[in-house]
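Okay, structure first, notes after.
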Amino acid sequence: MTLLTPPERPATEPGVPAPAEPGKRPQRHECLDGNEAAARVAYALSEVISIYPITPASPMAEHADDWAAAGKPNLWGGVPDVVELQSEGGAAGAMHGALQKGALGSTFTASQGLLLMIPNMFKIAGELTPAVIHVAARTIATHALSIFGDHSDVMHARATGWAMLASGSVQEAHDFALVSHAATLRARIPFLHFFDGFRTSHEVNKIAVLDHDVMRALVRDEDVLAHRARALSPDAPVVRGTAQNPDAFFQAREAANPFYLAVPGIVEEVMDELAAQTGRRYHLVDYVGAPDAQRVVVVMGSGAGAVAETVATLVAAGQKVGMLQVRLFQPFPAEQVIAALPASVRSIAVLDRTKEPGAVGEPLYQALVTLLVEHMESEAPKFAARPRVIGGRYGLSSKEFTPAMVKPVFDELARERPKRQFTVGIYDDVTNLSLPIDAEFRAPRPAGEVQALFFGLGSDGTVGANKASVKIIGEGTDLYAQGYFVYDSKKSGGQTVSHLRFGPQPIPSSYLIDHADFIACHQFGLLEKAKILEYAKPGATFLLNAPYGSAEVWDHLPRVVQQHLIDKRIDLWVIDAFAVAGEVGMGNRINTVMQPCFFKLSGVLPADEAVARIKQFVEKTYAKRGQAVVDRNFAAIDLSLARLEHVAIPAAVTGYELPPVVPDEAPDFVKKVTAVLMAGDGDLLPVSAFPVDGTFPTGTTRYEKRAIAHEIPIWDPAICIDCGKCAMVCPHAAIRMKVFPAAAVADAPAGFLHKEFKSRDLLDHRLTIQVAPDDCTGCGVCVDVCPAKSKTEVRHKAINMEPADEHRDRERPSFEYFLGIPQLDRTLIPHDTVKGAQALEPLFEYSLACSGCGETPYLKLVSQLFGDRMIVANATGCSSIYGANLPTTPWTVNAQGRGPAWNNSLFEDNAEFGLGMRLALDAQSDQARRLLERLAPQVGEDLVREILEADQSGEAGIAAQRERIARLTAILRGLDGPPGSDASHLLSLAGDLVRKGIWIVGGDGWAYDIGYGGLDHVLGSGRNVNILVLDTEVYSNTGGQASKATPRAAVAKFAAAGKSRAKKDLGAVARAYGDVYVAQVSMGGNDAQVAKALLEADAWPGTSLVIAYSTCIAHGIDMEKSMTHQKDAVKSGYWPLYRFHPSEVEDGQPFKLDSAKPSIPVSEFVAGETRFAVLARTHPDRARELAELAQQDVDERWRYYEQLAAMRRSVPHVQHGPGSLPPDDGTGQSADTGDEA
Amino acid sequence: MTVDLRTRYLGLELRSPLVASPSPLTGELDSALALVEAGAAALVLPSLFEEEILHEEIELNRSLEAGSEAFAEALDYFPAIEEVAFAGDRYLEHLRRLKAAAGVPVIASLNAATPGGWVRYARLMQEAGADALELNLYHLAADPERSAVEMEARDLALVAAVRKAVTIPLAVKLSPYYSALASFARHVVGAGADGLVLFNRFYQPDLDLESLDVVARLELSQPAELRLPMRWIAILRPQLGPDVALAATSGIHGGSDVVKALMVGADVAMTTSALLRQGAARLRAIEEELVAWLVEHEYESVAQLRGSATQASVEDPSAFERANYLRTLRSWSTSRDLARTGNR
């Protein structure tokens, strides 16, 4: 790539690691991702690091915590104190405190996390305190949450007074981290250093790494000492943070101005020093392109990579175009921007990676427009005429941004009347803002480069192997290497796509590969699911993991794949990687089998050298993790190349057509939108395809038939004892139980199994346990929990895992038939037993949670018990992701169209969110009751009385009320009142006269930490909400960081040396209120108790809290034995089961201990879980000490609970309805505004 | 009167013939030191099982990596764990610590599955300071394709390989289930063993009748179990001569058991079950019982007692070899009541 440079700048390629200048320090290169690149610098230059997990910034905090745990020193020889807080608000507060005491502080965050830091950011800046926040910039949740990258978060910190420095590449994330830390100390203005979430934070690239000497040269000790000298100290006391009145505040606020004016100069100075040290030269803004450019794109962040390549291509074609990359966004470097723009420029397109609805334009656009207007009014404007400026949005939520999208922007600038506002990268057919994408346009790739794509599953190690390949090549040879990894949002069976580039030149391309020299498909099944060879260049090499040899594989390929192979003359190679992995004991981890084949076929390195380097890498990675692992990997490597076979491509296609993504009978929306998203073509959907407010239909996972299980459970009715446990524990509602009259299955197809239902009440009824063969993930939890064993062969249970391929053909029609059998009348069976509950229809099905998830069985059960009359407030976390990550949602509806209504507000406010729903529900049902009274003459007194006095405590009562409301509705419709009439209002509210439940759902990160303040307030409100805490004892969704629910002695991220403090007893806090129903449950410990507790929580007229022990992949257990682990947790007293049912009667005994006295030591329970067991292998002495304390925790708690079980306590005033909230509390109506208490 | 309790085992000078055999008690530093405090003349560590190490390495790595690189928000689920002390490392660390603190000989024990594994860990144990090595030869001959000859040859090759790998004394712990134990014992010595430990006791599978699961159980030994090693030590002592060390293990519960073991020719008596049941202090009591017996019977030393009733030294040598059918039958007199019932 050759870039032209403007005359006033020395030669530079922004964002590209340059070779060392003569006389400069030798450069050491490593392959890092942007997070690690930034974190290394932050760690070296900090004394206190306050952290909190949030995607995609968590890895920065994790690295810092890991390094601190390993005792790695910072620049001054100390080990930074890395402390996890309860929220980003807490992290910012702690940082503020540390800074005030003169420490060097930093933190890492993104998105909502940054928003929570904003109040403190104002304070920190207002006090002119040096500090750095490193942000992996991420979309702020609006109509939907997104974990992906754009600048909407950082742009909302503009007003805080922090300098904002944008990195556009991994190298810059590393370098600008240093620039930020050095500049903030000199400027006293805190720095927000940001780079694009995922695109930069998760891209692995070969960069030149900074050593401590360079850092020491830039971070001047006198600045550190000056910062410390300003610290709070009783030896030289001052007050800061005063309250000021109108006479003072304004002037005092203006007093800091000189510091802001100095920032651009200081950053330039630091950047120059960096260049002197490393040869990498950056400016506040960098221009590349034609020196006499007429059209210029202004951009910030990783998008510059794509723009720069486009500019180079267009300039080479003779076009007068250029790019201005803004690095320091705030204080905005006006002078430098004007200086950098060629005088010849006539039109400028400013690209913003954020959206500010209703604004004149987005922030960077507004800054440019203002700047140019001001400049043109100056004495000697640089431009003959004010350049026309247009503003465009691109890349929201990591939407791809490629040269094919950049070129149309330049085309637009060339038009006589370009769109003043536009979008690029999407098709907007609603407001017609989008520019068309030039699909044919590509920036040429440098000679000698290899672009490779790998399609795999999360479980097969593909990404890990590719990260290793990047390191092997990037760090072991002179070649440059880049890796970017795309994951899907499914936690089980999720697909991964690895985008790898290797070449002789630095690789700044900030977009995905769509024209690959090499493609590998690590899972044969993906040929039907993913577009794979569409991305192949003509003549590309294709490596396929297939269970078929070279002679027979052709006949098993879909037609579309065959067509690509022929049309593009693709070179096809196959290997049976699972066979090789199996032979050497690697299970399904086929990474070390596929990796040598890639090296052999891609030609990036000579084959022998590649094998030697892979082995070196394995040895380095695993030597300390045991010789056995190394040996197995070596065996896999050696065997793989011997098994690689070349396939001769026939001349004509013979393969089968792929079935449609969703069946024809799917609803219209599913066919038009959901199916397109499922097919991986979401980028092609126009704006008009989408709901305008983020509202989507439920019940869509049923259309996503993934068939990912290799084994599925098969029922043997001869052995079944009707217990329902298998259906109860199924995390995916893929094992179903139905009870029905014998006559209902008179027309059952052959192969549909059913047996007599053992019941004294329901005579002549049959029962079926049916697997959903394409929805099951094969976790095996149902089989583990099945208590019924064959009398002639004890290993054979009533349900057994069997090869899916042998059973799908029979089970598919059986399942279809099963779904068609009408549900049993809900009133006919008691719900407080396992089999009773499992006879109810689940309205939470086929979630894409991890295989064997411990959380989802609880949600499914709640949906069975109350799903047709519940609203869910769901905290952000695993349950919001598997619960509602597009394209599909597991929340569904019954035959009557009723089902859970669901929403997710935030991570921190979920309890309050749910409370708000209750307040509305109460207000509306009150109004409905008033209207009903008023309309009694027209409706009929009897019906009104019946409705108002209905007993809705049980299913029968609710069913009867529904029937009354149906009658009422019919009558109201007949009254034919105008809008605004009582009848019209009552019609809109009548549904609320049927009892509804509000379920506030979330994980322990929410309940114990970030949302605890709100949760506590709701517990104290007395309002009728049901709170379900899915307690996995770690932040599961972000990868297993410790929360206050993490138990003593467990290893978690942010507690790498084992958590030293005991788990918070959340139930005890709630019980202290006296009138809160509290239960602690465990499905594996006592399934019937779970059902009882949920029913009691629903029935309790006040606030209820159910804390549910949820096994998680982060526990380091075999998830198949999920329920066995839960059982052992209860047996050891680690997780006692209880129900605290507030009693209104004198001498009531509210606390009922539901589990038996511990019968095994805690050590026996914890020995089988890696989260505990690993500590004995990393810190044996500490493990012993903590294990003893953990046993004491259990003993002491049991003693305490036993005493509680005998406690007599009554609640004098249980609130049965609205109105229990203190009038001046929780309503936001406080007269005292402005100040925080 | 004082009695000289000293004995020699595997060339090690021991203050008494009471040795703590492998158990959780010798596997933990505190309890092992308590055994020394209670008079243990030497400690044998629990066996290091090579399969255990392999299994742990594979499974721990698998679970640390489970779910990694599969989901954008959680690229892994555990903090970076660079180095892990696996069972082998922990064993050696325990051995080092115990050796430094014990003040009595510490004997390491090894049960490996592969020839490479035996040699590697045997060497590491020697380097970690073991005074001697006990090789645990136990495998179930359940493969119908492999004959007794093959199995024995494999065992002997393993003994020879370990012998070559270490210079410290080597004992081999045998199970009683060899067809020709006397011959095999001689071959084991020929392959380089300095002594034999008789016999292994192992977890035996049991059935849980409620869950219908197979469960592993280790029942603590009963005094009667001493009969088997007693018989074989009595037979082997004269055959192998005085230079081969012999240890009796299984069923040593009291002073009289020690006396019997020594009389038939054992150099040491190893005990565990009694200590697990009654605590380390029981060892002191056993020693007191031993001393009391010796004093009462006017023995001056253990050396005097040792080997005084081997097959070569007893009045009726055939008694140790006979099936003893008649005598055994006679020694159990059937209760008259039961006999009557049976006749009814």
Side-chain angles (χ1 to χ4, degrees), chain A residues 55-56 58-59 62-63 65-66 69-70 147 198 202 457-459 461-464 467 485 487 489-491 494 496 585 587 589 622 624-629 632 789 794 850 881 1034 1036-1040 1051-1056 1112-1114 1116-1119 1170-1171 1173-1174 1176-1178 1180, chain B residues 24 27-31 50-94 96-97 112-114 116-117 120-121 124 207-215:
Chain A
T55 306
S58 307
E62 289 166 11
H63 283 304
D65 189 63
D66 287 342
I147 60 167
F198 283 104
H202 282 56
L457 290 182
S459 53
T462 298
V463 171
K467 285 188 172 173
F485 308 94
Y487 309 87
S489 50
K490 298 169 178 62
K491 287 168 180 275
T496 64
R589 302 290 280 190
Y622 290 112
K624 291 175 175 175
R625 297 265 204 100
Q627 192 57 37
V629 181
R632 288 189 186 194
K789 294 183 176 178
V794 293
C850 296
I881 298 300
V1034 280
S1036 298
N1037 192 53
T1038 48
V1051 167
K1053 288 177 184 167
F1054 303 170
C1112 175
I1113 190 166
I1117 60 171
D1118 178 357
M1119 292 302 281
T1170 298
R1171 58 176 170 152
V1174 77
R1177 289 152 176 84
T1178 55
Chain B
E28 288 288 333
L29 187 65
D30 291 348
S31 51
E50 192 193 9
E51 290 103 319
E52 184 188 336
I53 300 171
L54 293 180
H55 179 77
E56 189 184 6
E57 285 179 5
I58 300 289
E59 289 307 315
L60 195 70
N61 274 294
R62 202 195 299 272
S63 87
L64 285 174
E65 288 182 358
S68 65
E69 300 288 4
F71 178 64
E73 298 207 62
L75 300 185
D76 47 41
Y77 289 92
F78 281 96
I81 291 167
E82 295 279 318
E83 197 164 356
V84 177
F86 285 107
D89 308 313
R90 298 198 301 277
Y91 190 95
L92 295 170
E93 179 58 24
H94 172 59
R96 271 188 286 270
R97 285 191 194 193
T114 60
R120 180 162 166 250
Y121 281 103
L124 290 171
L207 283 176
D208 180 322
L209 289 180
E210 287 313 309
S211 67
L212 302 185
D213 287 328
V214 180
V215 288

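Numbered from 1 within each chain, the chains take letters A, B, ... in sequence-line order. Nothing here was measured: the structure is a model prediction, and the numbers come from that model.
- Looking only at side-chain heavy atoms (C-beta outward), B:Tyr77 and A:Lys1053 stay at 4.5 Å or farther from each other.
- Within the 4.5 Å cutoff, the side chain of B:Leu75 has heavy atoms near those of the A:Lys467 side chain.
- Contact count versus chain B (heavy atoms, under 4.5 Å) is highest, among A:Thr1170, A:Thr1178, A:Val794, for A:Thr1170.
- Between the side chains of B:Glu69 and A:Tyr487, a donor-acceptor pair is found at a separation under 3.5 Å.
- Neither the backbone nor the side chain of B:Glu93 has a heavy atom closer than 4.5 Å to any heavy atom of chain A.
- In this structure, chain B has a heavy atom under 4.5 Å from the side chain of A:Ile881, while its backbone stays farther away.
- Looking at A:Ala1114, both its backbone and its side chain come within 4.5 Å of chain B, counting heavy atoms on both sides.
- With a 4.5 Å cut-off on non-hydrogen atoms, A:Arg1171 touches chain B through its backbone and its side chain both.
- In this structure A:Lys624 satisfies the salt bridge (charged side-chain N to carboxylate O under 4.0 Å, His left out) test with no other residue, sequence neighbours excluded.
- For B:Glu28, the part lying under 4.5 angstrom from a heavy atom of chain A is the side chain only.
- Residues B:Gly67 and A:Ile1113 approach most closely at CA-CD1, 3.5 Å, considering heavy atoms.
- Your options are A:Gly1116, A:Gly1040, A:Ala1173, and the one with the most heavy-atom pairs under 4.5 Å with chain B is A:Gly1116.
- Both the backbone and the side chain of B:Asp213 come within contact range of chain A, each with at least one heavy atom under 4.5 Å from a heavy atom of that chain.
- The most heavy-atom pairs under 4.5 Å with chain A, out of B:Glu73, B:Glu65, B:Glu83, B:Glu57, come from B:Glu73.
- A:Ala70 does not touch chain B: none of its heavy atoms, backbone or side chain, sits under 4.5 Å away.
- Neither the backbone nor the side chain of A:Ser58 comes within contact range of chain B; no heavy atoms are under 4.5 Å apart.
- Taking CZ of B:Phe78 as the reference point, atom CG of A:Asp66 lies at 13.0 Å (rounded to 0.5 Å).
- Ranked by heavy-atom pairs under 4.5 Å with chain B, the list A:Phe1054, A:Phe198, A:Phe485 is led by A:Phe198.
- Across all their heavy atoms, B:Pro79 and A:Val1051 have their closest contact at CG-CG1, 3.6 Å.
- Atom CD of B:Glu56 is separated from atom CZ of A:Arg1177 by 4.0 Å, given to the nearest 0.5 angstrom.
- No part of A:Thr462 comes within reach of chain B, as not one of its non-hydrogen atoms sits under 4.5 angstrom from that chain.
- Contact of A:His202 with chain B is made through the side chain alone, with heavy-atom distances under 4.5 Å.
- In this structure, the portions of A:Asn1037 lying under 4.5 Å from any heavy atom of chain B include both its backbone and its side chain.
- At a threshold of 4.5 Å between non-hydrogen side-chain atoms, the residues B:Glu59 and A:Asp1118 do not count as touching.
- Ranking B:Leu64, B:Asp89, B:Ile53 against chain A, the residue ahead of the rest is B:Leu64, based on heavy-atom pairs under 4.5 Å.
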